[in-house]
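Model, not experiment: these values are computed from the prediction. Just so we're on the same page: letters track the sequence lines, and every chain starts at 1.
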Protein chains: 2
Amino acid sequence: MWRFVDRSRRRIPEATVARLPVYLRTLLEVQAEQTSTVSSERLAELSGVNAAKVRKDLSYLGTFGTRGVGYEVDSLLVEVSRELGLTRDWPVVIVGVGNLGSALSNYGGFGDRGFPVGAVVDTDPLKVGTRHGDLIVRHIDDLPEIVSQFGIAIGIIATPAEGAQDVADRLIAAGVTSILNFAPAVVTVPDEASLRKVDLALELQILSFYRQREELGASLDRDLVIADKTTGLVV
Amino acid sequence: MWRFVDRSRRRIPEATVARLPVYLRTLLEVQAEQTSTVSSERLAELSGVNAAKVRKDLSYLGTFGTRGVGYEVDSLLVEVSRELGLTRDWPVVIVGVGNLGSALSNYGGFGDRGFPVGAVVDTDPLKVGTRHGDLIVRHIDDLPEIVSQFGIAIGIIATPAEGAQDVADRLIAAGVTSILNFAPAVVTVPDEASLRKVDLALELQILSFYRQREELGASLDRDLVIADKTTGLVV
DNA sequence: TCCTGTGAATGTCTTCACAGCC
DNA sequence: GGCTGTGAAGACATTCACAGGA
């Protein structure tokens with residue numbers, strides 16, 4: 001008999017969860033090289049993080065390493081996959097067949113990774129009924145029935161900003177509790193649901209910020225100055 | 001005469017920088033409603049964050065609000081835009097004309113927001129020379145000349161994972177110090193450069209993690225258990 | 001000797017709570 | 001009275017540094 005913490009239910013920090021998929025990818029690469037064991041150091045290097053972080057992250061999942069040796073690649077892969085819930089498929093529905101929606105539905109990378117595109121929907125009557133890869137575009141009003149028919153677990157919003165919140169509400173109403181939002185709009189969901197966002201323009205704007213700083217760098221190399229109170233001009 | 005901190009050079013937390021584009025979008029919406037002044041409370045609500053955070057974030061940029069009143073929409077917009085470096089255009093080059101690269105180059109949302117697509121490049125000789133919207137696909141070897149010709153400031157990597165690091169190296173070599181990486185691969189750049197990544201499968205995997213937790217919730221509702229030492233089975 | 005697992009220290013971000021100004 | 005700006009407290013995340021098992 002023994003008293004221990006059930007690791008499978010330990011709270012895992014968000015930051016750690018966000019890195020698990022990276023470790024997973026790295027482990028697959030390492031596995032492809034026929035390496036049977038891997039150190040936190042190497043895992044870290046290939047994942048672009050530092051070794052202490054890798055060890056701490058993995059320790060949240062359980063105790064899988066061997067001191068003096070490292071981690072057994074195959075079994076760590078299984079553990080990380082299980083923790084991420086990747087032992088089964090999670091069908092997705094793509095909402096919005098515009099430029100981005102089309103690209104996503106044709107992308108193919110989703111199905112391979114356990115996220116088959118179960119359905120594609122839109123509001124536009126002209127688009128409904130058209131073929132899209134293997135799928136026929138269906139009307140968004142059919143969501144509830146589509147969700148149960150295909151076991152949809154995740155909804156991807158690829159509509160213009162205006163429709164995004166409405167789409168999210170419909171997804172939630174249809175029982176979809178995980179949403180990935182590509183629309184450049186703030187979308188809110190109930191606490192029980194999960195929402196992640198990908199905003200392309202936002203990423204570019206962040207880059208723009210740092211890019212501009214570079215240019216400013218040379219000209220404004222001071223933090224503290226003596227300046228006129230009202231004009232702000234340097235004396 | 002007066003001693004003061006030059007706000008324009010203050011270090012702004014990364015987390016704050018990442019929210020500025022959201023505030024910017026919100027401010028544009030508020031402006032469209034002809035509202036001339038806005039409180040941190042309202043700005044927060046529309047941006048999906050809390051009011052204290054908005055105030056602290058904005059305070060890093062300077063002192064723009066009026067106590068008892070709020071922020072003047074127009075002038076705050078100018079300040080945020082300026083801070084983000086959006087007072088000028090930043091031409092981008094898209095590398096890789098696959099599914100995603102095509103979608104991005106046709107997207108149009110970039111140009112509107114100050115990130116015109118200056119060029120599209122690929123390695124595939126079959127793609128080079130083909131028309132893509134307004135642009136002719138060029139060979140990646142021409143990057144240095146394309147960069148100076150179009151004043152490219154940002155490179156977007158939309159290639160398969162294998163080529164990503166090489167593309168990043170070529171971008172850096174051509175003088176592009178800001179990179180947005182869509183390839184599902186770890187890419188490293190020199191310290192002076194900025195790199196951001198968007199990984200679609202990764203986002204889905206994170207959602208999968210939380211989704212799975214939902215299902216586990218009911219069955220494993222305990223944190224501490226008495227269990228057999230070796231098997232881990234509950235006694 | 002090597003490399004994991006983890007407390008403790010440090011650093012960063014968020015939130016609170018209220019003084020200060022309109 | 002209302003709302004900003006900001007120290008201080010608290011929560012969270014990263015990194016250090018080393019004990020301890022292989």
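With dC13(C), dC16(D), dT14(C) as the choices, the nucleotide that has an atom nearest any side-chain atom of Arg11(B) turns out to be dC13(C). Comparing dA13(D), dG5(C), dA17(C) by their closest approach to the side chain of Ala15(A) singles out dA13(D). For Arg67(A), taking side-chain heavy atoms from C-beta onward, the closest of the listed nucleotides dG5(C), dC13(C), dC22(C) is dG5(C). Of the candidate nucleotides dT15(C), dG5(C), dA17(C), dA17(C) has the atom lying nearest to any side-chain atom of Arg55(B). When each of dG5(D), dC16(D), dG5(C) is scored by its nearest atom to the side-chain atoms of Ser59(A), the top-ranked nucleotide is dG5(C).
In this entry the distance linking CD of Glu41(B) with P of dT15(C) reads 14 Å, nearest Å. In this structure, Asn50(A) places its CG atom 16 Å from P of dA13(D), rounding to the nearest Å. Protein atom CZ of Arg19(A) is 15 Å distant from nucleotide atom P of dC12(D), rounded to whole Å.
Residues Lys53(A) and Val69(A) each lie close to DNA chain D; by heavy-atom proximity, the contact nearer the 5' end of the strand is made by Lys53(A). Heavy-atom distances to DNA chain C give each of Lys56(B) and Leu58(A) a nearest nucleotide, and the one nearer the 5′ end belongs to Leu58(A).
Between Tyr60(B) and dC13(C) there is no side-chain polar atom (N or O) within less than 4.0 angstrom of OP1 or OP2. One finds a side-chain N or O of Ser40(B) lying less than 4.0 angstrom from the OP1 or OP2 phosphate oxygen of dT4(D).
Glu41(A) has no carboxylate O lying under 4.0 Å from a charged side-chain N of Arg55(A), or vice versa, which leaves the two without a salt bridge.
In terms of modelled atom types and a separation under 3.5 Å, the side chain of Glu214(A) and the main chain of Ala193(B) share no donor-acceptor contact.
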